[in-house]
**Q** 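Handing you a structure now.
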Amino acid sequence: MSQILIVAEHDGRQLNPSTAKCVACAAGISGAAVTVAVLGQNIGAIAQAAAQLAGVARVWTVDDAANAQPLATVLAPQLAALARKEAFTHVFGPSTTFGKDLMPRVAALLDVPQVSDIMAVEAPKVFRRPIYAGNVIITIDVSEEPLVVGTVRTASFDTAANGGSAAVEAVSLDVVLPAYVRFVALVSAGSDRPDLQTARRVVSGGRALGSEEQFKLVYDFADSIGAAVGASRAAVDSGYAPNELQVGQTGKIIAPDLYIALGISGAIQHMTGIKDAKTIVAINKDADAPIFESADLGLVGDLFAIVPELKARLAAG
Amino acid sequence: MKRILVGIKRVVDYNVRVRPRPDGNGVATEGAKMSINPFDEIALEEALRIKERGEADEVVVASIGVADAQAQLRTALAMGADRAVLVQTDAHVQPLDAARIFLALAQREQPFIVMMGKQAIDDDANQTGQMLAALWDRPQATFASKVELSGDVARVTREVDAGLETLEIDLPAVVTVDLRLNEPRYVKLPDIMKAKKKPLETLAPADLGVTPRPRVKALRFEAPPVRQKGVVVKDVAELVEQLKQRGLV
């Protein structure tokens, strides 16, 4: 019997899809009873969304003005206190920047080890995870630990379906919250485009786009096929695209149905971010670019000529 | 004395393609070029720039690992660190134990900032800085792309999934750094000579009251499934045809 506590990720308005991925991961553990903890301020609707995820037995809410922003230093002692309330066996969070920031702090407060980037469950406390930028997959065993913390590699799991109807219980905690970290601002490019981490189609641009101005070609093409926009590290480093679009080992790990890479050479650090994509299309003028080794469909040529033609032909139906 | 403590991990160089050993019992790293974890190098560069701006007096680098990790500490000294500490052990030190060792070093050195990479490129765990901050009961600012100091506080801009988040943190604090914080300097030959004379102290984990105990056990190491190489089409018309056949457009 596994008792699994999952911390919900949200932006104060909506439940992040990463939570449903964590639930799906937990559901793969035999005999799992899943509790989702929602910490925030005015989080009724978010808690309801969590309660509807299939496989969730219970939702705990901790509604507090101090939780208005997801500060790891504030959330960690509360999550640790929740983990101590009952005989939990696992505490999971998503392997997003939210979970990567928070979960190790929780693990240290609980004095338990953390398993990062869980990509598969082999037994209740045996997991597979990538190391060396995904060049090696390690299988690890923490069966001797009564409680472990884990972050879930969201691209490795399907989204838990809706259809659940878990009870929502408000929990009050007697925990001293540190005031030594203060939220100042969040600057987000924001757009009406699909979210990069959950989109079924993604168009990414690399260094070959050449400038921020020319990177607009990527946005334009993505919009024409209803895709999210991504970027290689080289494109972000060069200032062509904002950091939140970076795909790869140190950016976002994604699993769209269709990934179209424009002018991306395909360094291992980039490929590790897209290896769960169902179909990879590469367009690059360098026939020797490593991305052609992994692409399902490749086209060698000048992307500035190819992309407008591709857009026109797709629009023509 | 305003001191910055920087964590330096010895890892297989960024450019080496690592593979599992054929027997699945480990990773084939014999003879591989070893380097400072690139994220830690960025952390060190930032610490050096803070010192060069006159906002810190001393930069101390610390590593946990085998005797050969002295080589990476010497490189760090050549970059400009003032002194180095090697917590020498052949044991496999996992993040929670590494955090305990850094906690003991922080208590000993009393830094106003501890900086390290957000993750090491070998185990990709992304845990040690956050765990240290928890054990130390101090602020953490992870994935930093900008660090500004002013008196007893720092303003840190963080690369998060939604964009750029800015936090104000009281010092002392732990800052873990991301790729775009800076571009580390190259080491010059005269600096390598000078670094040989800089102090490098060697301790054992037990000197700091820590006995490393691996709690996460490795069962096997495997290569990831290889994606089959696909087809290269000759033109856009064929690409569109293929996309349609596969039901993707």
Side-chain angles (χ1 to χ4, degrees), chain A residues 11 72-73 76 96-98 100-101 104-105 107-109 113-117 126 130-142 145 180-189 197 225 237 242-244 250 252 257-258 275 279 292-300 306 309-310 313-314, chain B residues 12 17-20 27 94-96 99 121-127 130-131 133-135 137-140 142-143 145 155 159-170 178-180 215-224 227 229-233 236-237 239-240 242-243 246 248-249:
Chain A
D11 62 1
T73 45
T96 56
T97 54
F98 164 77
K100 287 175 178 176
D101 185 38
R105 192 158 179 120
L109 293 177
Q114 172 174 311
V115 180
S116 298
D117 304 317
V126 179
I131 56 175
Y132 290 96
N135 276 314
V136 178
I137 308 300
I138 186 173
T139 304
I140 60 89
D141 184 348
V142 281
E145 298 289 333
Y180 47 47
V181 176
R182 291 157 307 271
F183 174 83
V184 177
L186 174 66
V187 178
S188 197
Q197 267 165 315
I225 60 167
D237 282 357
N243 68 284
E244 61 264 35
T250 64
K252 290 187 171 126
D257 292 341
L258 175 62
K275 65 180 180 181
T279 301
F292 289 118
E293 292 301 314
S294 321
D296 300 281
L297 288 168
L299 178 53
V300 179
I306 289 170
E309 187 189 343
L310 180 58
R313 282 182 184 266
L314 289 174
Chain B
V12 175
R17 179 121 193 203
V18 173
R19 290 190 166 79
V27 172
Q94 295 182 343
L96 195 49
I121 61 163
D122 49 6
D123 63 15
D124 282 330
N126 196 331
Q127 298 178 16
Q130 296 91 311
M131 288 178 160
L135 300 177
D137 191 14
R138 292 306 308 166
Q140 69 187 46
T142 53
F143 326 144
S145 65
R155 251 180 199 235
E159 294 204 1
V160 296
D161 290 337
L164 294 171
E165 182 191 67
T166 304
L167 299 178
E168 185 180 78
I169 59 174
D170 293 341
D178 217 318
L179 288 169
R180 279 175 282 275
R215 292 165 71 176
V216 178
K217 299 188 171 43
L219 295 184
R220 60 181 186 276
F221 298 77
E222 294 161 280
R227 267 192 103 95
K229 187 174 175 168
V231 293
V232 173
V233 295
V236 176
L239 177 59
V240 170
Q242 286 278 348
L243 288 170
R246 295 167 195 231
L248 291 165
V249 291

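Numbers restart at 1 for each chain; the letters A, B, ... are given by sequence-line order, proteins then strands. Heavy atoms only: backbone and side chains are in, while hydrogens, waters and symmetry mates are out.
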**Q** Which bit of Leu299(A) is near chain B, if near means a heavy-atom gap under 4.5 Å: side chain, backbone, both or neither?
**A** both
**Q** Select, from Ser145(B), Ala237(B), Pro20(B), the one with the greatest count of heavy-atom pairs under 4.5 Å involving chain A.
**A** Ala237(B)
**Q** Is the shortest distance from a Lys or Arg side-chain nitrogen in Lys100(A) or Asp117(A) to a carboxylate oxygen in the other one below 4.0 Å?
**A** no
**Q** Supply the atom-to-atom distance Ile138(A) CD1 to Tyr132(A) OH, rounded to the nearest 0.5 angstrom.
**A** 9.5 Å
**Q** Select, from Leu135(B), Val233(B), Ile169(B), the one with the greatest count of heavy-atom pairs under 4.5 Å involving chain A.
**A** Val233(B)
**Q** Which of the residues Arg246(B), Arg227(B), Glu165(B), Gln130(B) is involved in the greatest number of heavy-atom pairs with chain A at under 4.5 angstrom?
**A** Arg227(B)
**Q** Pick from Arg155(B), Arg215(B), Glu222(B): which one has the most heavy-atom pairs with chain A under 4.5 Å?
**A** Arg215(B)
**Q** Quick one: what part of Arg19(B) sits under 4.5 Å from any heavy atom of chain A, side chain, backbone, both or neither?
**A** backbone
**Q** Can you name the closest pair of heavy atoms from Pro113(A) and Glu145(A) and give their distance?
**A** CD-OE1, 3.6 Å
**Q** Atom CD1 in Ile131(A), atom OG in Ser116(A): separation rounded to 0.5 Å?
**A** 12.0 Å
**Q** What part of Ala218(B) lies closer than 4.5 angstrom to a heavy atom of chain A: side chain, backbone, both or neither?
**A** both
**Q** Return yes if some donor-acceptor pair links the side-chain N/O of Asp296(A) with the main-chain N/O of Gly230(B) below 3.5 Å, else return no.
**A** no
**Q** Looking only at heavy atoms and a cut-off of under 4.5 Å, which of Lys217(B), Arg17(B), Glu159(B) has the most pairs with chain A?
**A** Lys217(B)
**Q** side-chain contact (heavy atoms from CB on, under 4.5 Å), that's the test. Do Val160(B) and Glu244(A) meet it? Break it down for me.
**A** CA-CA 7 Å; Val160(B) 296; Glu244(A) 61 264 35; over 6 Å; no
**Q** For the side chain of Thr139(A) and the backbone of Leu219(B), is there at least one donor-acceptor N/O pair under 3.5 Å apart?
**A** no
**Q** Given heavy-atom pairs under 4.5 angstrom as the criterion, report whether the side chain, backbone, both or neither of Phe221(B) touches chain A.
**A** both
**Q** For the CZ atom of Phe183(A) and the OG1 atom of Thr166(B), what is their distance to the nearest 0.5 Å?
**A** 8.0 Å
**Q** Counting only non-hydrogen atoms closer than 4.5 Å, does Glu293(A) touch chain B with its backbone (N, CA, C, O), its side chain (CB onward), both, or neither?
**A** both
**Q** Counting heavy-atom pairs under 4.5 Å to chain A, which of Thr142(B), Asp161(B), Leu96(B) comes out on top?
**A** Asp161(B)
**Q** With a 4.5 Å cut-off on heavy-atom pairs, point out which of Ala185(A), Ala107(A), Ser294(A) contacts chain B the most.
**A** Ala185(A)
**Q** Report the option among Asp101(A), Val115(A), Leu310(A) that has the most heavy-atom pairs separated by less than 4.5 Å from atoms of chain B.
**A** Asp101(A)
**Q** Checking the side chain of Gln94(B) only, and the main-chain atoms of Val216(B) only, is there a donor and an acceptor separated by less than 3.5 Å?
**A** yes
**Q** Measure Val27(B) against the heavy atoms of chain A and call it side chain, backbone, both or neither at under 4.5 Å.
**A** side chain
**Q** Does any heavy atom of chain B fall under 4.5 Å from the side chain of Thr73(A), the backbone, both, or neither of them?
**A** side chain
**Q** Quick one: of Leu314(A), Thr279(A), Asn243(A), Val181(A), who has the most non-hydrogen atom pairs under 4.5 Å with chain B?
**A** Asn243(A)
**Q** Quick one: pull up OG1 in Thr97(A) and CG in Asp178(B) and give me the separation to the nearest 0.5 Å.
**A** 10.0 Å
**Q** Please identify, among Val126(A), Ile306(A), Asp237(A), Asp257(A), the residue contributing the most non-hydrogen atom pairs under 4.5 Å to chain B.
**A** Asp237(A)
**Q** Looking only at heavy atoms, what is the nearest atom pair of Pro139(B) and Ala133(B), with distance?
**A** O-CB, 3.9 Å
**Q** Under 4.5 Å heavy-atom distance to chain B, tell me which part of Ala76(A) shows up: side chain, backbone, both or neither.
**A** neither
**Q** Thr96(A), Val142(A), Val136(A): which one forms the most heavy-atom pairs within less than 4.5 Å of chain B?
**A** Val136(A)
**Q** So, the side chain of Glu309(A) versus the backbone of Val236(B): is there a donor-acceptor pair under 3.5 Å, distance only?
**A** no
**Q** Using non-hydrogen atoms and a 4.5 Å limit, figure out which bit of Gln140(B) sits close to chain A: side chain, backbone, both or neither.
**A** both
